[in-house]
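First the structure, in the form of structure tokens, and then the observations on it.
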Amino acid sequence: MELELPDGNILALPDGATGADAAAAIGPGLARAALAVKVDGEVQDLARPLPSGNQGPPKLEIITERSGQDALGLIRHDAAHVLAAAVMELYPGVKISIGPPIENGFYYDFAFPEGVSLSEADFERIEAKMREHIAADEPFTREDVPAQDALDRFRREGQDYKVELIEDLVRDQAVPTVSLYTNNGFTDLCRGPHAPSTKRIKAFKLQSVAGAYWRGDSSKPMLTRVYGTAFFSEKDLQEYLARLEQARARDHRRLGPQLGLFTFSEVSPGAAFWLPAGTEVFNSLVALSREMGRERGYVEVKTPQIYDSSLWRTSGHWQKYRENMFVTEYEGRQMAVKPMNCPGHCHLYSLQRHSYRELPVRYWEPGLLHRREPSGTLHGLLRVRHFAQDDSHIFCTEDQIQDEVSGVLEFAFATYEVFGIDVKLELSTRPEDRIGAEELWDKSETALLQALDAHGLPYKISEGEGAFYGPKIDLHMTDSLGRSWQLGTCQLDYNFPERFELTYTGPDNAEHRPVMIHRALMGSYERFIGILLEHLNGELPPWLAPVQAIVLPIADRHLDYAGAVRDRLWAEGGRVEVDERTESVGRKIRDAELRKIPYMLVVGDREQEGGQVSVREHRRGDVGSVALDEFIGRLSEQVKTRARI
RNA sequence: GCCGACGUAGCUCAGCUGGUAGAGCACUUCACUCGUAAUGAAGGGGUCCGGGGUUCGAGUCCCCGCGUCGGCUCCA
């Protein structure tokens with residue numbers, strides 16, 4: 001048999017040769033370093049025979065420690081097995097389920113016997129047991145057995161979850177055999193592949209325990225998930241842990257209170273208290289939406305917070321979204337606080353007659369919303385119960401859909417461009433629980449697809465993840481710890497116009513049904529600010545910074561001049577403070593740096609005489625003295641252009 | 001909502017196996033009047049998340065709530 005190596009050379013081997021044979025044929029060093037092989041893009045065990053290609057020689061790559069994610073995935077998967085082996089020894093009666101490698105490590109889900117629970121305090125003991133397995137250098141051996149044999153085996157052992165997995169494999173994919181991997185006494189149903197033996201795991205650490213529903217289904221039992229990670233060296237592991245630690249330092253939940261932007265209180269879980277500085281940032285973002293919307297034909301509206309249940313029945317929220325709404329009752333009427341602006345905007349549209357000449361109508365409202373989010377899902381500013389969206393609803397004709405969706409995408413990218421934020425696009429299609437006729441969904445999904453393709457942007461499709469009234473294009477971005485959050489959304493909706501019986505008068509003088517587009521770009525200002533803080537490490541550019549410049553007088557005799565500088569800047573629209581404390585300049589600078597204020601203006605005798613300020617930029621240090629007027633010009637230019645710096 | 005952990009001064013945290021609270025920073029006052037990341041000294045400040053219980057005695061042990069954190073489900 002022949003195989004093609006990455007350098008293009010052809011490797012000839014006897015038929016039936018294994019991956020290990022291939023590595024050995026290339027060189028003894030590689031044979032020792034080999035962890036697995038990749039054949040035509042598929043990673044497989046060293047011990048397995050190599051396939052002979054149907055058309056031409058298969059492409060072969062030897063996976064070693066240096067193969068990046070492929071290699072790490074192998075030992076992390078190995079580590080998951082070692083973890084399961086250790087837990088089974090330490091906790092008799094435990095049931096194992098699944099344990100895959102993931103982005104930065106691995107996990108394994110266990111069902112502990114009644115009354116037994118696991119906490120991070122138990123990690124030391126489990127890690128010690130894992131180290132024994134690794135030191136023993138246990139080989140991973142693969143066995144392909146008839147599904148029935150595996151079923152019998154796991155039934156006998158009381159491993160119900162494994163039984164269920166095999167039963168499903170047999171039922172859904174009619175597999176004749178399943179593969180089992182064994183290291184020492186531990187055997188697991190596993191697709192593989194694995195490294196040759198446990199010793200390849202050079203450094204590992206268990207990180208956390210968490211509950212996780214069996215098969216990700218909240219109606220199924222909750223298992224205990226243990227997360228961990230593994231690397232090829234202790235150094236890599238330590239570096240990874242240090243990176244995590246650094247990421248935590250830019251967590252918006254830490255930065256927000258530190259910078260005096262917002263804080264939380266038990267009296268209103270899931271709702272931020274915005275301090276003056278944070279309110280300033282918030283308002284700057286709202287102003288940005290307003291300004292950019294104005295340029296694109298959006299009109300601002302204001303709609304009520306609380307509506308009679310009849311409105312929610314019309315929209316379908318009463319049926320599909322009620323458990324997420326704050327409902328109240330007075331004078332015998334059931335009312336609910338709005339969790340979304342769309343019903344209010346539809347109603348507003350319906351209160352007036354519209355001609356096709358006015359369309360598209362683009363309502364915009366930075367509306368305050370309340371959603372009854374389950375307590376366990378709250379997360380700083382990124383998941384709250386009370387928030388404001390930069391929300392718009394566009395009412396247009398079918399002919400205008402394409403242009404409008406394109407316009408929304410353009411608006412979205414223009415918005416993110418201001419901050420230098422990259423987003424990922426995702427198209428979410430009709431969910432199981434939905435309202436509206438199938439052909440409306442067909443039309444909506446097709447329209448969104450066309451808009452995406454017209455832009456030529458890469459996107460991912462999430463089947464069944466759409467809103468209950470329509471499909472959507474979502475814009476995602478990740479936080480400091482790599483968790484993905486949705487920011488913007490663009491949702492096409494034929495249903496609400498139907499339910500609210502919205503119409504416009506066409507050129508034919510007949511009534512027609514408009515189409516509606518729901519869109520938010522920053523998403524919620526709360527979430528956006530959270531993500532932004534993490535993205536910028538709290539270093540807000542001048543146009544956003546709550547304090548753009550702080551004047552630092554050298555000595556008390558410079559207070560008057562410092563005050564004059566502040567007043568001058570203030571009069572020009574700047575947000576500026578004077579540090580009036582009788583502290584050393586070093587101290588004032590340090591405090592201003594910690595507050596991440598973009599500009600520090602040091603003023604002493606020299607500046608006072610020449611009408612100057614000595615400019616120090618955050619993190620860059622002293623950039624020299626300039627005339628106050630020149631500094632003002634520079635700052636206002638940066639504010640006007642919303643420079644990122 | 002579910003699983004696990006945690007909850008001590010404004011913030012970050014210490015407080016061993018139960019014996020009636022402590023540090024640093026911040027704050028206030030005084031002295032110093034200072035040239036690019038911490039001047040010094042003194043002082044004020046705590047229902048130890050809330051409610052029950054065990055005990056002669058609970059920040060510490062147990063139970064129940066609430067909140068936060070890490071996940072799961074769900075979501076902007």
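Chain A is the first sequence line, chain B the second, and so forth, proteins listed ahead of strands; every chain is numbered from 1. FYI, side chains are in, hydrogens and waters are out, and symmetry mates aren't considered; it's all heavy atoms of this structure. Since the structure is predicted, the reported quantities are computational estimates derived from the model, not experimental observations.
Closest non-hydrogen pair, A/L540 versus A/L536, comes out as CD2-CD1, 4.0 Å. Closest heavy-atom contact between A/M477 and A/I421: SD-CG2, 2.9 Å.
Comparing the C1' positions of B/rA23 and B/rG46 gives an interatomic distance of 14 Å, to the nearest angstrom. Separation of the C1' atoms belonging to B/rU8 and B/rG45 is 14 Å when rounded to the nearest angstrom. Using atom P as the reference point in both B/rA76 and B/rC3, the two lie 26 Å apart (nearest Å). Rounded to whole Å, the separation between the C1' atoms of B/rC72 and B/rC13 comes to 31 Å. The P atoms of B/rC74 and B/rA21 are separated by 49 Å, rounded to the nearest whole Å. Across B/rG22 and B/rC32, the matching P atoms stand 33 Å from one another, rounded to whole Å. Taking atom C1' on both B/rC62 and B/rU55, the two are 12 Å apart, rounded to the nearest angstrom. Spacing of C1' atoms, B/rC64 relative to B/rG24, comes out at 36 Å, to the nearest Å.
In this structure B/rC34 sits in no base pair that meets the Watson-Crick or G-U test at under 3.5 Å. Pairing partner, B/rU17: none, since no Watson-Crick or wobble contact has both distances short of 3.5 Å. Across all strands shown, the partner of B/rC6 is B/rG67, judged by Watson-Crick or G-U wobble contacts whose two distances both fall under 3.5 Å. The base-pairing partner of B/rG43, taking Watson-Crick or G-U wobble contacts with both distances under 3.5 Å, is B/rC27. Using the Watson-Crick or G-U wobble rule with both distances under 3.5 Å, B/rC75 pairs with nothing in any strand shown. Base-pair partner of B/rC48: not found among the strands shown (Watson-Crick or G-U wobble, both distances under 3.5 Å).
A donor-acceptor contact under 3.5 Å is not formed by the side chain of A/Q207 with the base of B/rG71. At a cut-off of 3.5 angstrom, counting only N and O atoms as typed in the model, there is no donor on one side facing an acceptor on the other between the side-chain of A/R225 and the base of B/rC72. Evaluation of atom-type donor-acceptor distances gives no pair under 3.5 Å for the side chain of A/R215 against the base of B/rC72. One can find a donor-acceptor pair under 3.5 Å joining the base of B/rA37 and the side-chain atoms of A/R616.
The side chain of A/R371 sits closest to B/rC75 out of B/rG35, B/rC75, B/rA38. With distances taken from any side-chain atom of A/T582 to the nucleotides B/rC34, B/rA37, B/rC75, the minimum falls on B/rC34. Closest approach to the A/D605 side chain among B/rU68, B/rG35, B/rG71 is made by B/rG35 (side chain taken as heavy atoms from C-beta onward). With B/rU39, B/rA76, B/rU33 as the candidates, the nucleotide lying closest to the side chain of A/E583 is B/rU39. Comparing B/rA37, B/rU39, B/rG35 by their nearest atom to the side chain of A/I554 picks out B/rG35.
Among the heavy atoms of the strands lying under 4.0 Å from A/L487 are primed sugar atoms or P, OP1, OP2 only; no base atom is included. Residue-level contact check: A/H558 touches neither bases nor backbone, having no heavy atom under 4.0 Å from any strand. Here A/Y227 lies in heavy-atom contact (under 4.0 Å) with sugar-phosphate atoms only. When heavy atoms are screened at a 4.0 angstrom cut-off, A/R253 is found touching the sugar-phosphate backbone but no base atom. Looking at heavy-atom distances under 4.0 Å, A/V602 makes contact with a base. Among the atoms of the strands shown, base atoms are found under 4.0 Å from some heavy atom of A/E607.
For A/F112 and A/Y91, the distance between ring centers is under 6.0 angstrom. Remark: aromatic rings of A/H345 and A/W364 are distant, center separation not under 6.0 Å. A distance of 6.0 Å or more separates the ring centres of A/F282 and A/F262. You'll find the ring centres of A/Y240 and A/F231 inside the 6.0 Å limit. Side-chain rings of A/F528 and A/F419 approach one another, their centers coming within less than 6.0 Å. Centroid-to-centroid, the aromatic rings of A/Y469 and A/H518 come within less than 6.0 Å. Checked against the 6.0 Å centroid criterion, the rings of A/Y108 and A/F106 do not qualify as a close aromatic pair.
Nearest-nucleotide mapping onto RNA chain B: of A/G216 and A/M600, the residue sitting toward the 5' end is A/M600. The residue among A/G488 and A/G621 whose nearest nucleotide of RNA chain B is located toward the 5' end is A/G621.
Between the NE2 atom of A/H370 and the C1' atom of B/rA76 there is a distance of 15 Å, given to the nearest Å. In this structure, A/L378 atom CG and B/rC66 atom P are separated by 13 Å, rounded to whole Å. When the C1' atom of B/rC25 is taken as reference, atom CZ of A/R595 falls 16 Å away, rounded to whole Å. Distance, A/H386 NE2 to B/rC75 C1': 17 Å, rounded to whole Å. A straight line from CZ of A/F262 to C1' of B/rC11 spans 15 Å, rounded to a whole angstrom.
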- Classify every nucleotide of nucleotides 1-9 of chain B by which part a protein heavy atom approaches to under 4.0 Å, writing B for the base, S for the sugar-phosphate alone and - for neither, in 5'-to-3' order. BBBSS-B--
- Task: Summarise protein proximity over nucleotides 40-46 of chain B in one line of letters, 5' to 3': B for base, S for sugar-phosphate only, - for none, counting protein heavy atoms closer than 4.0 Å.
- Result: -------
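Look at A/R483 and you'll find a side-chain N or O under 4.0 angstrom from OP1 or OP2 of B/rG70. Checking the phosphate oxygens (OP1, OP2) of B/rA76, a side-chain nitrogen or oxygen of A/Q486 falls inside 4.0 Å. Taking side-chain N and O atoms only, A/H476 has no distance below 4.0 Å to OP1 or OP2 of B/rA76. Side-chain nitrogen and oxygen atoms of A/K472 include at least one within less than 4.0 Å of the OP1 or OP2 phosphate oxygen of B/rA76.
Taking the 5.5 Å centre cut-off and the 30° plane limit, the aromatic side chain of A/F387 is classed as stacked on B/rA76.
Judged by a 6.0 Å distance limit and a 45° cone about the ring axis, A/R519 is positioned over the six-membered ring of A/F411. A cation-pi arrangement, defined by a distance under 6.0 Å to the six-membered ring centre and an angle within 45 degrees of its axis, is absent between A/R434 and A/F468.
A/H618 is linked by a side chain to side chain donor-acceptor pair (under 3.5 Å) to A/E539, A/E593, counting only residues two or more places apart in sequence or in another chain.
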- Message: Apply side-chain hydrogen bond (donor to acceptor under 3.5 Å, both in side chains) to residues A/D474 and A/T489 and explain how you reach the verdict.
- Response: CA-CA 4 Å; A/D474 287 331; A/T489 187; 2.7 Å; yes
